[in-house]
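Working notes for the structure below.
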Amino acid sequence: MFRSLHMKLVLIMVLLIVSLMTVVGAFLMNSVVRFYLNDFNERMTTMFSAENMDFYEALTEPYDGEQDGVEGLQRVLKANMGELGVDGRTRNYFILDGTTGICLGGSDEKMGESLESSPNVLKSLRTGEPASSSDVTASYMDAAIPITRGEVRYIIYIYDNRQTVQELNSSLFMLIIQALIFGLVSSVLLSFLLAKTMITPIERLTDGAKRVASGDFSHKIEVGSKDEIGILTANFNIMARQLQSTIREAENERNKLDTLFLHMTDGVVAFNKSGKVIQKNPAAEDMLARPIGEETTYSVLFADAAPLEQVLSLEQPGYLGQERSVGERSLELLMAPFDQESDEGGVMVVIHDVTEQRRTEELRREFVANVSHELRTPLTNIRSYAETLTDGAGDIPPEMEKNFLGVILNESDRMTHIVQDLLTLSRFDSGKSEIRLAPFAFERAVRDIYNAVLMEAQRHGHTLILDLEESLPDVVGDRDRILQVMMNVVSNSIKYTPDGGRIEITAGRSGGKVWMQVTDNGIGIPEEDRPRIFERFYRVDKARSRESGGTGLGLSIAKEIVDRHEGTIRLVDRSGPGLTVRMELPVGGPSHV
């Protein structure tokens, strides 16, 4: 009912008139009471003061032959009833015993019989001084004046029941009610007239606001006046156009941010100040390896990294950085507060996957350490033998001197191989090592490798078997590089198979690929070491590999070459001792060249 502006204006006017008349009525009625109360106190003070000597002496000095002091007082008080305002109806006087307060006589004897001691009477009895204090809210006013007539103490008690005040207030109240009714009728009429002049443009504004709220910015509100409402209407039209432009821009930006947020590789999780999730992207769930729902809290996800209160207390643009491991991943957490002064603020956590970075750093450290170690060993040997030859010049037998020089040459060759392998890998890494593609006979290449290693295998007492499928196709690739891979794999089998072992080389075609597989019954590779055999300088048995002349780079180079040909080289799981290495190459060569 009161949601209408018409009714609100009527209600406001009614409340205004009622409030005004109430305040005015209360002020008038209170003023009347105070006027009569002040008049009563002033009259009593004037009559019973020492300045009014005639009246005071008449009260205190008995006349000649007086037998009863009460009767004497009665004469004096009756003679001065007009000055005292005593009318016997609303105001009366009483003569009280100055010791006990008992009524001894008065203008209304019947009332005097039931008269009770008021606070003013009690005060006069106790102190012997006049008392005339009265409360505005009390139903009467009174004054108690102690006097001594002859040697007897009396109290002149003036009592007024305020009937005159009440009658005047009743008249005032009726007058106020009549004025209130007239004011209410006038206010209702005026409020309806005022509402009509104001509501029409406001209704237009309301309709326009509804259209804008529903997304319709094309409607323009007619400006019907040049007053404040007219100015408001014009500004509303301007605001609607500006809002349409702003919303369009914000929508475009939001779409961009949503797309970026959804597809960014870094994980992002946002929390409000109470620790509840307010935003997250799929990358965060993937990195943390767990779903993140509305019930997920900051404490569940990141309390171990830093308390929520600590992050919220950071000064912008400060942040906290932490690292944690989730499975095999290394994650870097960047935690920072946002919008700290608002209740809508919270904490943003950005998650970087630094697994590859950490792995690369670790590989780099291992690579530097391995290169240093691999070069230090032959250099140490060369220096040792060279110093021996220098110190024992002329005393070393020719045969021993020849052996020492042979060791120096072998160690030099070993360093040369290491440096050459490192340069090969460096060219692969920098993209400067190009592969020269040309068709070549894959079967012929496998047979050439077999013939090249046959004598070395026989020297170790190995049984070397070649098993090829018929009609193997020609392959597009870099023949020299592919031969290098084949030679590395077969040579490793010969080196790491104890003398008298069995090595089998097989080759064939599978779909659009050709493959070569080398199987031996040698020492094999433990399961835990297999994922790392293609890493640079990684060797299962470093001492034995070094004794056999290995650098730990052969399989790394082999994998780089095969990858450049878009092929694969891997270990084949099988039962029994030994190892099986399988290489596959696309018949048509790499597609990206």
Do [X] and [Y] have side chains that get closer than 4.5 Å, going by heavy atoms?
X: Q322; Y: M335; value: yes
X: L288; Y: F302; value: yes
X: T297; Y: V277; value: no
X: M141; Y: N161; value: no
X: R329; Y: D286; value: yes
X: N120; Y: S133; value: yes
X: Y159; Y: M111; value: yes
X: Y154; Y: L73; value: yes

To the closest 0.5 Å, what do you measure between [atom1] ([X]) and [atom2] ([Y])?
X: R564; Y: K559; atom1: CZ; atom2: NZ; value: 12.0 Å
X: I155; Y: S117; atom1: CD1; atom2: OG; value: 8.5 Å
X: I156; Y: M44; atom1: CD1; atom2: CE; value: 11.5 Å
X: L175; Y: S170; atom1: CG; atom2: OG; value: 12.5 Å
X: L104; Y: Y157; atom1: CG; atom2: OH; value: 14.5 Å
X: E116; Y: L122; atom1: CD; atom2: CG; value: 10.5 Å

Which atom names give the shortest non-hydrogen contact between [X] and [Y], and what distance separates them?
X: Y140; Y: P119; result: OH-CD, 3.8 Å
X: R153; Y: L125; result: NH2-O, 4.5 Å
X: T100; Y: D97; result: N-OD1, 2.9 Å
X: G267; Y: N281; result: CA-OD1, 3.6 Å
X: Y298; Y: L308; result: CE2-N, 3.4 Å
X: F94; Y: C103; result: CD2-SG, 3.9 Å

Measure from the side-chain N and O atoms of [X] to the backbone N and O of [Y], and report whether any donor-acceptor pair falls under 3.5 Å.
X: S107; Y: N92; answer: no
X: S245; Y: Q242; answer: no
X: S330; Y: S325; answer: no

Please lay out, stage by stage, how L312 and V347 fare under the test side chain to side chain contact (heavy atoms under 4.5 Å, CB included).
CA-CA 7 Å; L312 288 172; V347 170; 3.5 Å; yes
Report, as yes or no, whether the 6.0 Å neighbourhood of atom NZ on K123 holds more than 12 heavy atoms from other residues, nucleotides or ligands.
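It does not: K123 NZ has 12 such atoms or fewer within range.
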Just wondering, more than 12 heavy atoms not from F182 lying within 6.0 Å of its CZ?
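No, not enclosed.
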Residues I292, V269; criterion side chain to side chain contact (heavy atoms under 4.5 Å, CB included); working and verdict:
CA-CA 9 Å; I292 302 175; V269 187; 4.0 Å; yes
Worked verdict on V152 versus T148 for side chain to side chain contact (heavy atoms under 4.5 Å, CB included)
CA-CA 5 Å; V152 183; T148 303; over 6 Å; no
Compute the ring centroids of F48 and F55, then answer whether they are less than 6.0 Å apart.
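That pair passes the under 6.0 Å test.
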Cut-off 3.5 Å, side chains only: do E566 and S591 have a donor facing an acceptor?
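Their side chains do contain a donor-acceptor pair, which is all the 3.5 Å distance test asks for.
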Distance only, no hydrogens: is a donor on one side chain within 3.5 Å (strictly under) of an acceptor on the other, for D353 and T355?
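Short answer, yes.
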Please report the C-alpha distance between K280 and E285 in whole Å, then the side-chain angles of each, then the deciding distance to 0.1 Å, and finally whether the salt bridge (charged side-chain N to carboxylate O under 4.0 Å, His left out) criterion is met.
CA-CA 8 Å; K280 48 85 178 177; E285 294 181 315; 3.3 Å; yes
Let me have the donor-acceptor pairs involving side chains of residues 81-89, under 3.5 Å, with sequence neighbours excluded, atom names and distances please.
from : atom 1 : to  : atom 2 : distance (Å)
D87  : OD1    : R89 : N      : 2.9
D87  : OD1    : T90 : N      : 2.9
D87  : OD1    : T90 : OG1    : 3.4
D87  : OD1    : R91 : N      : 2.9
D87  : OD2    : T90 : OG1    : 2.9

One pair to check against side chain to side chain contact (heavy atoms under 4.5 Å, CB included): M348 and F271. What are the steps and the verdict?
CA-CA 6 Å; M348 182 81 73; F271 303 88; over 6 Å; no
